[in-house]
Amino acid sequence: MSAAARYLTWAGTGLAALGASIAVYNLVTLRTLPRGVAGVIEPVTVCVPARDEAARLPALIADLRAQTGVPRMNVLILDDASTDGTYEAALAAIAGDERFTVLRSAAHPAPGWTGKAAACARLAARTDAAAVVFVDADVRLAPYAVAAAVAELRRRGAGLVSAWPVQEAGSTTEHLVQPLLAWSWASTLPVGPANHSLRPSTAVACGQFLAVDAAAYRAGGGHAAVAASATEDLDLARAVRRAGHRTALVTAGPAARTRMYTGTAELTDGYTRWLWSAYGGRLDTGAAIGILAALAYWIPPLAALFGRGRTRRAGLLGYLAAVTSRLTARATETRRAPTCTDLASALAHPVGIAHYLTLWTRSHHRHRTGRLRWKQRPLVTPDDTIARRA
């Protein structure tokens with residue numbers, strides 16, 4: 001084997017080992033929402049944007065009705081121009097519970113706004129509570145989840161706390177790709193120091209379950225500041241940091257879980273919708289990340305298969321480091337020992353990386369040709385395209 005191949009193998013192994021080390025650090029140090037919360041006395045408003053969620057929203061409503069430790073909680077739900085009976089399903093699930101208000105909108109978002117950002121902004125404008133919790137309709141919550149998220153927000157004195165839900169999967173493609181969400185930050189960013197930073201570049205957030213301080217939210221511009229963003233959750237956290245308020249990532253653990261996409265087709269459409277915006281939306285940066293990913297997660301296993309002597313051993317070490325980083329990230333997310341399914345998906349990590357890079361390429365192509373859609377809505381309008389080019 002050539003010297004270049006040996007050097008590339010050792011470089012890739014070094015990167016994979018670094019990722020595994022960071023993942024272990026986060027597993028040991030990252031905080032999880034506590035089960036034992038004394039309770040939250042202040043008023044709390046939970047905001048739920050919902051478009052075509054008739055099948056999933058009733059289960060979340062049942063979870064919200066069962067919340068404990070938040071005696072002054074109220075819930076605002078926006079049926080965002082649904083076509084599947086979401087409004088009626090919500091009313092039936094609420095069953096007259098006076099803490100719940102269901103709003104209905106037939107309007108599509110204004111130019112320059114994504115549907116979710118517009119829905120969240122409208123909901124936030126309807127409350128004067130000092131603590132606001134945003135929850136996606138496909139999230140499932142333990143009875144202590146809302147109280148724990150708000151208590152964590154106040155304990156840290158933060159402007160925003162993102163409680164990362166456990167990402168569940170069903171299909172083979174989901175098992176390959178979905179764990180990459182947590183792995184992407186767990187293996188690259190020491191979250192503890194990042195949680196104490198005001199640097200927007202080190203913010204991590206997941207809009208599936210967010211607790212925000214209303215004053216910090218407004219100071220950052222709210223969802224109006226991220227109106228056109230395909231990753232409004234991450235950009236909202238960055239906006240809050242720019243306004244001088246810290247944000248923090250914690251794992252929800254047993255408190256929250258979700259199946260983000262159901263099946264290969266929905267996963268492909270979902271990732272295509274937003275992956276173009278990763279790495280600042282830059283092709284060159286994304287390509288550089290792709291090269292590093294190939295170096296760390298393709299070359300070592302190839303060397304383990306086809307190399308000889310020290311190169312083969314180095315490749316095997318790099319592959320094992322990659323598998324370790326993936327399993328460790330999964331354990332950080334779920335707060336339990338990895339399952340046999342987790343192990344199988346971790347062993348297929350190079351395939352998962354390849355699928356992710358394929359989705360990233362597809363997303364950029366759809367974005368550049370103005371063909372991005374989600375839930376029957378175009379995500380790129382002519383006005384948006386002109387604004388980005390200006």
Side-chain angles (χ1 to χ4, degrees), residues 32-33 37 40 42-70 72-80 82 86-87 89-90 93-94 97 99-103 114-127 129-153 160-168 181 205-214 217 222-223 226 231-234 236-237 247-261 375:
T32 300
L33 287 183
V37 178
V40 175
E42 67 177 299
V44 175
T45 296
V46 178
C47 297
V48 184
R51 176 169 168 80
D52 292 338
E53 295 286 2
R56 294 185 280 198
L57 182 59
L60 173 62
I61 290 174
D63 291 345
L64 289 171
R65 293 185 67 187
Q67 291 300 298
T68 60
V70 275
R72 302 174 70 186
M73 180 189 78
N74 67 87
V75 180
L76 298 176
I77 300 170
L78 175 61
D79 170 21
D80 184 17
S82 298
T86 292
Y87 181 78
I94 289 166
D97 193 322
R99 298 173 297 172
F100 288 72
T101 301
V102 184
L103 309 174
T114 66
K116 184 175 180 181
C120 288
R122 181 174 176 181
L123 289 166
R126 294 282 300 235
T127 179
V132 180
V133 176
F134 294 97
V135 185
D136 282 359
D138 55 7
V139 174
R140 300 294 167 258
L141 299 174
Y144 64 92
V146 171
V150 176
E152 187 69 14
L153 178 75
L160 177 151
V161 164
S162 174
W164 187 279
V166 175
Q167 303 295 319
E168 297 185 329
L181 285 177
C206 176
Q208 295 165 339
F209 187 21
L210 288 176
V212 301
D213 174 78
Y217 173 80
H223 279 85
V226 297
T231 51
E232 85 294 327
D233 44 11
L234 179 57
L236 180 63
T247 71
L249 174 74
V250 299
T251 55
R257 56 185 174 84
T258 183
R259 187 175 177 184
M260 188 173 175
Y261 301 121
K375 293 190 174 182

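We number each residue from 1, following the sequence as shown. These numbers come from a predicted model, not from an experiment.
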query = Hey, is the main chain of A54 close enough, under 3.5 Å, to the side chain of T86 for a donor-acceptor pair?
reply = yes
key: R99 side-chain N/O to R65 backbone N/O, donor-acceptor pair under 3.5 Å   = yes
task = Mind running side chain to side chain contact (heavy atoms under 4.5 Å, CB included) on V250 and V161 for me, showing each step along the way?
result = CA-CA 7 Å; V250 299; V161 164; 4.0 Å; yes
message = Distance alone, cut at 3.5 Å: any donor-acceptor contact between the side chains of N74 and T45?
response = yes
query = With a 4.5 Å limit on heavy-atom distance, are the side chains of L78 and R122 in contact?
reply = yes
key: Validation row: Y87, L57 side chains within 4.5 angstrom (heavy atoms)   = no
inquiry  = To check you understand the geometry: which heavy-atom pair defines the closest contact between F209 and A145, and what is its length?
reply    = CZ-O, 3.7 Å
query = Is the closest side-chain heavy-atom distance between V132 and C47 below 4.5 Å?
reply = yes
task = Please report the C-alpha distance between M260 and L181 in whole Å, then the side-chain angles of each, then the deciding distance to 0.1 Å, and finally whether the side chain to side chain contact (heavy atoms under 4.5 Å, CB included) criterion is met.
result = CA-CA 11 Å; M260 188 173 175; L181 285 177; 3.7 Å; yes
Steps toward side chain to side chain contact (heavy atoms under 4.5 Å, CB included) verdict (R257, V139) = CA-CA 6 Å; R257 56 185 174 84; V139 174; over 6 Å; no
query = Can you find a heavy atom in the side chain of P165 that is under 4.5 Å from one in the side chain of C206?
reply = yes
inquiry  = Looking at T231 and L234, would you say the former's side chain and the latter's main chain have a donor-acceptor pair under 3.5 Å?
reply    = no
task = For P143 and A66, work out which heavy atoms get closest and say how close.
result = CB-O, 3.6 Å
ask   = Checking Q67 side chain against A142 main chain: does a donor-acceptor pair fall under 3.5 Å?
value = yes
ask   = Would you say F100 and I61 make side-chain contact, with heavy atoms under 4.5 Å?
value = yes
key: Heavy-atom check, side chain of L103 versus side chain of L123, under 4.5 Å   = yes
message = Testing V48, T258, D136 one by one against L60 for a side chain to side chain contact (heavy atoms under 4.5 Å, CB included), which residue passes?
response = V48
key: Under-4.0 Å salt bridge between R72 and E42   = no
query = Parallel under 30°, tilted from 30 to 60°, perpendicular over 60°: which one fits the rings of F134 and H223?
reply = perpendicular
Any donor-acceptor pair under 3.5 Å from S162 side chain to A205 backbone = no
query = Got a second to check how far Y261's OH is from D138's CG, nearest 0.5 Å?
reply = 9.0 Å
Side-chain donor or acceptor of T127 paired with backbone N/O of A129 under 3.5 Å = yes
inquiry  = Assess the residue pair L64 and D97 against the criterion (side chain to side chain contact (heavy atoms under 4.5 Å, CB included)); give the C-alpha distance rounded to whole Å, side-chain angles, the decisive distance to 0.1 Å, and a yes or no.
reply    = CA-CA 11 Å; L64 289 171; D97 193 322; over 6 Å; no
query = If you look at every heavy atom in V150 and A131, which pair is closest and at what distance?
reply = CG1-CB, 4.0 Å
Cationic N near anionic O, under 4.0 Å, K116 to D80 = no
ask   = What heavy-atom pair brings L236 and G222 nearest, and what distance separates the two atoms?
value = CD1-O, 3.7 Å
Heavy-atom side-chain contact between V44 and V133 under 4.5 Å = yes
task = Compare every heavy atom of A151 with every heavy atom of V37, then report the nearest pair and how far apart it is.
result = CG1-CB, 3.8 Å
ask   = Hey, does T251 have a side-chain heavy atom less than 4.5 Å from the side chain of L33?
value = no
